[in-house]
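For reference, the structure discussed in these notes is given below.
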Amino acid sequence: AKVSGQDPDLQDVLTYAFATGTGDMDNSFFHLKNDSLFLAKTVNYYQATSYPIRLQVTDQEGGKMEKSFTIQIVNLPDVPTSLTLSGSVW
């Protein structure tokens, strides 16, 4: 997922990080690289369907803003795990 923020100073470079506080319970399940959020651990839809995280955006003057988000996990259909062919001569 892409992370984005807005700053009144349009030229400011924004950086993103995890924040501690309300809604940070599952920060450890994810990692940030620049403005992209990735899974850091394998998740199991049958154990949890949502993961609360808390992010922070900082501008180059040190101005900060934090916000909590809930990441929803979608249950994808299980894929077949094998394929065999019995008798390959007709």
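Excluded from the calculations below are hydrogen atoms, water molecules and symmetry mates; all remaining heavy atoms, backbone and side chain alike, are included.
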If I compare all heavy atoms of [X] with all of [Y], which pair ends up nearest, and what's the gap?
| X | Y | value |
| --- | --- | --- |
| V43 | Y51 | CB-OH, 3.5 Å |
| S28 | A40 | O-CB, 4.0 Å |
| T58 | K64 | OG1-CG, 3.5 Å |
| P52 | M25 | CG-CE, 3.4 Å |
| S68 | G23 | OG-CA, 3.7 Å |

Heavy-atom donor-acceptor pair, [X] side chain to [Y] backbone, under 3.5 Å:
| X | Y | result |
| --- | --- | --- |
| Y16 | L37 | no |
| T70 | S50 | no |
| N34 | S36 | no |
| R54 | N27 | no |
| Q56 | A17 | no |
| D7 | L10 | no |

| message | For D35, give me all partners under salt bridge (Lys or Arg N to Asp or Glu O under 4.0 Å), at least two apart in sequence or on another chain. | response | K2
Decide yes or no for [X] and [Y]: does some side-chain heavy atom of the first lie under 4.5 Å from some side-chain heavy atom of the second?
| X | Y | result |
| --- | --- | --- |
| L55 | F69 | yes |
| F18 | D24 | no |
| N75 | Y46 | yes |

| said: Please determine whether side-chain contact (heavy atoms from CB on, under 4.5 Å) holds for the pair F30 and L39, giving the CA-CA distance in whole Å, both sets of side-chain angles, and the decisive distance to 0.1 Å. | reply: CA-CA 4 Å; F30 300 88; L39 279 168; 3.5 Å; yes
| request: Report the distance from atom CE of M65 to atom CG of L14, rounding to the nearest 0.5 Å. | output: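 So the CE of M65 and the CG of L14 are separated by 11.5 Å.
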| Excluding sequence neighbours, so at least two apart, what forms side chain to side chain contact (heavy atoms under 4.5 Å, CB included) with Q6? | none
| query | Between F38 and H31, what is the ring plane arrangement, given parallel below 30°, perpendicular above 60°, and tilted in between? | reply |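 Rings of F38 and H31: parallel, under 30°.
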